[in-house]
Undergrad: 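Take this structure, written in C-alpha cells, and hold onto it; I'll ask about it next.
Note on naming: letters A, B, ... go to the chains in the order of the sequence lines (proteins, then strands), and numbering restarts at 1 for each one. Just so it is clear, the values below take in all heavy atoms, side chains as well, and ignore hydrogens, waters and symmetry mates.
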2 protein chains.
Amino acid sequence: MTKPQNPPRSGRRVRGSTTGRPVMVLLDLLGRRWVLRILWELRDRPLNFRELQAACGGISPSVLNSRLAELRETLIIELLPDEGYALTKLGRELLSQLTPLAVWSEKWAKSLK
Amino acid sequence: MTKPQNPPRSGRRVRGSTTGRPVMVLLDLLGRRWVLRILWELRDRPLNFRELQAACGGISPSVLNSRLAELRETLIIELLPDEGYALTKLGRELLSQLTPLAVWSEKWAKSLK
DNA sequence: CTCCTTGCTACCATTTCAGTAGCAAAATCT
DNA sequence: AGATTTTGCTACTGAAATGGTAGCAAGGAG
C-alpha cells in the first residue's frame with residue numbers, strides 16, 4: 001500500500017427514508033451491500049485494498065472503493081499509509097457491538113436446519 | 001391483516017461470497033436493503049403489511065414482500081393472522097443485539113458534526 | 001530503465017430497486 | 001345480501017446499484 005492519496009469525497013447522499021435520526025442513518029449505512037462484511041474482515045488487522053477485495057470474495061473494485069469512501073467519510077475506517085485500511089476507534093466500537101452476532105448466528109443456523 | 005396465506009417460498013439463494021459460515025450468511029442477510037430497517041420497525045409490536053410499508057417510508061411493496069419472504073424463511077419474522085408481521089423468538093434475540101447500536105449511533109453522530 | 005505491485009477508474013452487462021397501478025380475498029358497512 | 005373499504009400482494013417500467021473485466025498512473029525493487 002502506497003498512496004494515502006485522495007481524501008474521501010464529501011457529500012454522501014442519504015438514501016431512502018432516513019428521518020435524520022442517527023440510528024436510521026446508521027441502519028441505512030450498515031444496510032448497504034458489503035458494508036457489514038467489510039467491517040467484519042477488518043476485525044483483526046488492517047488490510048490493503050486488494051487484500052480486502054480478496055477477503056470479500058472478489059467484490060468489484062468500483063463498489064469496494066465507494067464503500068470504503070463512505071466508511072471513511074463517516075469516520076469508521078481510515079486509510080493508514082503503509083498499513084492499509086483500518087478501523088478507527090469509532091469503528092472498533094461499532095464492530096464490538098457486532099461481534100455477538102457471530103455467536104448468535106451459530107444458534108440461528110441450527111434452527112434453520 | 002387477514003390472510004396467513006401462502007407459506008414462504010423455499011430456496012433462498014445465497015448471494016455473493018458467503019463461505020457458508022453462519023456469520024457470513026447472517027451479515028449477508030442483514031446487509032440487504034431494508035432488512036435492518038424492517039427489524040427495527042418491528043421492535044415494539046407487530047405491524048401489518050401496509051403499516052410496515054409506511055413505517056419504512058414508502059418502500060415499494062414488491063421489495064417489501066421479498067424481504068418479508070426472506071425473513072420468514074429464515075425464521076426471523078412470522079406472519080400472525082389478525083396481528084401482522086412479528087418478530088419470532090429468534091428475531092427478538094437478534095434485535096436485542098442490535099439495539100445497543102441505537103445508543104452508539106448518538107455518540108457517532110456527534111463525532112460526525 | 002524494466003518489472004512488479006497497488007490503489008483506483010472506466011466501461012458495460014446484469015441485477016436490484018423505486019414508483020405506480022391495480023387485483024383478489026377478506027373484513028366492514030348499510 | 002350487496003356495496004364499500006381494507007389488505008396482502010403482483011405486474012410493469014424506468015432508474016439506480018452492482019458485477020466483472022480491463023487497464024491506467026504512481027511507487028518500489030532490481
Undergrad: Can you tell me if the side-chain N/O atoms of B:Tyr85 get under 4.0 Å from OP1 or OP2 in D:dT7?
TA: no
Undergrad: Between atom CG in A:Leu64 and atom P in D:dT21, what is the gap in whole Å?
TA: 16 Å
Undergrad: Give a yes or no on whether A:Val103 and B:Met24 share a hydrophobic cluster (residues Ile, Leu, Val, Met, Phe, Trp, Tyr; joining criterion: side-chain heavy atoms under 4.5 Å apart).
TA: no
Undergrad: Could you tell me how far apart A:Leu68 (CG) and C:dT9 (P) are, to the nearest whole angstrom?
TA: 11 Å
Undergrad: A:Leu47 and A:Leu52: which non-hydrogen atoms are nearest, and at how many Å?
TA: CD1-CD1, 3.8 Å
Undergrad: Assuming nearest nucleotide by heavy-atom distance, tell me which of B:Gln53 and B:Val63 is located more 5' along DNA chain C.
TA: B:Val63
Undergrad: Where the side chain of A:Leu79 is defined as all heavy atoms beyond and including C-beta, which of D:dC9, C:dC11, C:dC8 is the nearest nucleotide?
TA: C:dC8
Undergrad: Think A:Asn65 has a side-chain N or O under 4.0 angstrom from the OP1 or OP2 of C:dG7?
TA: no
Undergrad: Roughly how many Å is it from CZ in B:Arg50 to C1' in C:dA21, rounded to a whole number?
TA: 11 Å
Undergrad: From CZ of B:Arg67 over to P of C:dA18, roughly how many Å is that when rounded to an integer?
TA: 9 Å
Undergrad: State, to the nearest 10°, the angle formed by the axis through the first five base pairs of the helix from C:dC1-D:dG30 to C:dT30-D:dA1 and the axis through its last five.
TA: 30°
Undergrad: Between C:dG7 atom P and A:Glu51 atom CD, what is the distance in whole Å?
TA: 8 Å
Undergrad: Can you measure B:Leu52 atom CG to D:dG8 atom P for me and round it to whole angstrom units?
TA: 10 Å
Undergrad: Closest approach to the side chain of B:Ile59, judged atom by atom: which nucleotide of C:dT20, C:dT6, C:dA18 is it?
TA: C:dA18
Undergrad: Between D:dC9, C:dC11, C:dG7, which nucleotide has the shortest distance from any of its atoms to the side chain of A:Ser62?
TA: C:dC11
Undergrad: Nearest-Å distance, CZ (A:Arg33) to C1' (D:dA17)?
TA: 8 Å
Undergrad: Crowded around A:Arg45 CZ? As in, over 12 foreign heavy atoms under 6.0 Å?
TA: no
Undergrad: Under 4.0 Å between a side-chain N or O of A:Trp34 and OP1 or OP2 of D:dG19?
TA: yes
Undergrad: Taking side chain as C-beta onward, heavy atoms only, is B:Trp108 less than 4.5 Å from A:Leu94?
TA: no
Undergrad: Of all residues at least two apart in sequence or in a different chain, which pass the side-chain hydrogen bond (donor to acceptor under 3.5 Å, both in side chains) check with B:Glu106?
TA: none
Undergrad: Whether A:Glu70 and A:Arg32 form a salt bridge (side-chain N of Lys/Arg under 4.0 Å from carboxylate O of Asp/Glu) is what I want to check.
TA: yes
Undergrad: Taking only residues two or more places apart in sequence or in another chain, which ones pass side-chain hydrogen bond (donor to acceptor under 3.5 Å, both in side chains) with A:Gln97?
TA: none
Undergrad: In whole angstrom, what separates B:Leu80's CG from D:dG8's P?
TA: 12 Å
